[in-house]
Trainee: 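I'd like to ask some things about the structure below.
These numbers come from the heavy atoms of this one structure, side chains and all, not from hydrogens, waters or symmetry mates.
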Amino acid sequence: MVTKQFSGSANEMDLRRADSLAREIFSDVANKWALLIIEALGERTLRFSELRNEVEGISHKMLTQNLRMLERNGLAERRVYPTVPPRVEYTLTEAGQGLRATVDGMCEWTHQYMGHIDSARRRFDT
């Protein structure tokens with residue numbers, strides 16, 4: 001078996017690993033459902049059904065998949081209570097709250113430049 005040796009410094013290795021991890025995370029969270037879930041959970045802890053009602057149009061399957069992805073990446077926490085039926089709640093972690101600040105910034109940017117974007121699209125489409 002041949003292994004590839006990295007000839008750079010430890011700091012360069014850390015930067016490459018961080019870049020790789022960033023690409024993976026961006027790929028995971030850069031979808032409309034993940035962003036909407038993050039925004040909904042940013043206000044408070046929600047049960048699955050409450051979250052589904054908050055994120056208009058999301059299917060049970062898509063909500064489940066995105067919650068698992070957010071949990072896997074350490075952005076959301078799932079808490080199960082031993083009741084009958086089981087009560088399951090979701091909340092953002094500290095890292096998830098940090099990402100929410102970025103999502104909020106993107107929303108603010110959209111509101112600020114909405115007119116500009118609409119005008120550009122109209123010019124392009126004609």
Side-chain angles (χ1 to χ4, degrees):
M1 182 169 136
V2 178
T3 59
K4 187 174 182 179
Q5 295 295 319
F6 183 75
S7 60
S9 70
N11 194 28
E12 288 174 348
M13 284 177 44
D14 288 345
L15 286 174
R16 285 188 183 194
R17 184 175 184 291
D19 286 347
S20 176
L21 182 59
R23 281 192 293 276
E24 287 179 38
I25 299 268
F26 294 156
S27 176
D28 283 348
V29 300
N31 73 71
K32 69 178 180 179
W33 297 125
L35 296 175
L36 292 171
I37 292 166
I38 290 166
E39 190 62 28
L41 286 176
E43 296 298 322
R44 65 189 198 279
T45 298
L46 294 170
R47 295 178 71 171
F48 185 91
S49 58
E50 293 172 323
L51 192 50
R52 188 165 177 204
N53 291 335
E54 286 282 323
V55 181
E56 189 176 318
I58 194 167
S59 68
H60 186 279
K61 178 182 176 182
M62 288 307 298
L63 181 55
T64 300
Q65 286 177 350
N66 277 274
L67 284 169
R68 286 181 181 164
M69 174 273 300
L70 291 171
E71 186 178 6
R72 178 179 182 266
N73 285 309
L75 302 172
E77 182 179 274
R78 178 178 184 259
R79 190 170 291 140
V80 180
Y81 296 91
T83 60
V84 178
R87 188 176 90 206
V88 180
E89 294 180 341
Y90 296 88
T91 189
L92 289 182
T93 62
E94 182 181 341
Q97 287 290 350
L99 181 57
R100 180 177 179 245
T102 300
V103 172
D104 287 347
M106 291 169 57
C107 291
E108 290 171 21
W109 174 87
T110 303
H111 290 296
Q112 181 178 353
Y113 291 101
M114 190 174 351
H116 173 81
I117 294 166
D118 285 341
S119 296
R121 286 179 173 183
R122 278 194 300 279
R123 282 192 310 272
F124 184 86
D125 291 344
T126 56

Trainee: Under the side-chain hydrogen bond (donor to acceptor under 3.5 Å, both in side chains) rule, collect the residues that match up with Asn53, sequence neighbours excluded.
Mentor: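 For Asn53 there are no side-chain hydrogen bond (donor to acceptor under 3.5 Å, both in side chains) partners, ignoring immediate neighbours.
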
Trainee: Report the residues that fulfil salt bridge (Lys or Arg N to Asp or Glu O under 4.0 Å) with Glu24, sequence neighbours left out, ordered by chain and then residue number.
Mentor: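 Listed in chain order: nothing, the list is empty.
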
Trainee: What residues, two or more places apart in sequence or in another chain, satisfy salt bridge (Lys or Arg N to Asp or Glu O under 4.0 Å) together with Glu94?
Mentor: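 With neighbours one apart ignored, the set is empty.
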
Trainee: By side-chain hydrogen bond (donor to acceptor under 3.5 Å, both in side chains), which residues pair with Arg121, not counting sequence neighbours?
Mentor: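 Once residues adjacent in sequence are excluded, Arg121 has no partner under the side-chain hydrogen bond (donor to acceptor under 3.5 Å, both in side chains) criterion.
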
Trainee: If I take atom CZ from residue Arg122 and atom OG from residue Ser119, how far apart are they, to the nearest 0.5 angstrom?
Mentor: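 It is 4.5 Å, given to the nearest 0.5 Å.
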
Trainee: Which pairs, with at least one residue in residues 61-110 and sequence neighbours excluded, count as a ring-ring contact (aromatic ring centres under 6.0 Å, His included)?
Mentor: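 Output for this query lists Trp109-Tyr113.
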
Trainee: Got a sec, which pairs hit salt bridge (Lys or Arg N to Asp or Glu O under 4.0 Å) with one end in residues 50-64, sequence neighbours left out?
Mentor: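 Qualifying pairs, neighbours excluded: Arg44-Glu54.
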
Trainee: Hydrophobic clusters join Ile, Leu, Val, Met, Phe, Trp and Tyr when side-chain heavy atoms are under 4.5 Å apart, directly or via other members; which others share one with Phe124?
Mentor: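 Phe124 clusters with nothing; isolated.
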
Trainee: Could you name each residue pair satisfying salt bridge (Lys or Arg N to Asp or Glu O under 4.0 Å) that touches residues 69-85, not counting sequence neighbours?
Mentor: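 Sorted result for residues 69-85: Glu77-Arg79.
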
Trainee: For residues Ala76 and Leu41, report the shortest heavy-atom separation together with the two atoms involved.
Mentor: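 Heavy atoms of Ala76 and Leu41 come nearest at CB-CD1, 4.5 Å.
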
Trainee: Heavy atoms only: give me the nearest Ala95-Gly74 pair and the separation to one decimal.
Mentor: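 Residues Ala95 and Gly74, closest heavy atoms: CB-O, 3.8 Å.
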
Trainee: Can you list the residues that meet the side-chain hydrogen bond (donor to acceptor under 3.5 Å, both in side chains) rule with Glu43, with sequence neighbours excluded?
Mentor: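 side-chain hydrogen bond (donor to acceptor under 3.5 Å, both in side chains) list for Glu43, sorted by chain: Arg100.
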
Trainee: Nearest 0.5 angstrom please: Met69 CE to Ser27 OG, how far?
Mentor: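 It is 9.0 Å, given to the nearest 0.5 Å.
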
Trainee: Can you give each donor-acceptor pair under 3.5 Å made by side-chain atoms of residues 31-38, sequence neighbours left out, with the distance rounded to 0.1 Å?
Mentor:
from	atom 1	to	atom 2	distance (Å)
Asn31	OD1	Trp33	N	2.9
Asn31	OD1	Ala34	N	2.8
Asn31	ND2	Asp28	O	3.0
Asn31	ND2	Asn66	OD1	3.3

Trainee: State, with a plain yes or no, whether a side-chain heavy atom of Leu92 is found less than 4.5 Å away from one of Leu70.
Mentor: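 They are not in contact (no side-chain heavy atoms under 4.5 Å apart), so the answer is no.
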
Trainee: Is there side-chain contact between Ile25 and Leu99, with heavy atoms separated by less than 4.5 Å?
Mentor: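 No, every pair of side-chain atoms sits at 4.5 Å or beyond.
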
Trainee: Going from CD on Gln112 to CE on Met114, what distance comes out if it is rounded to the nearest 0.5 angstrom?
Mentor: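 Going from the CD atom of Gln112 to the CE atom of Met114 covers 11.0 Å.
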
Trainee: Is it the case that one hydrophobic cluster holds both Met106 and Phe26, taking links as side-chain heavy atoms less than 4.5 Å apart, direct or via other members?
Mentor: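 Cluster IDs for Met106 and Phe26 differ.
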
Trainee: Under the side-chain hydrogen bond (donor to acceptor under 3.5 Å, both in side chains) test, which residues partner Thr91, sequence neighbours left out?
Mentor: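 Listed in chain order: Thr45.
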
Trainee: Applying ring-ring contact (aromatic ring centres under 6.0 Å, His included) as the test, list every pair that has at least one member in residues 40-66; sequence neighbours left out.
Mentor: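 Found Phe48-His60.
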
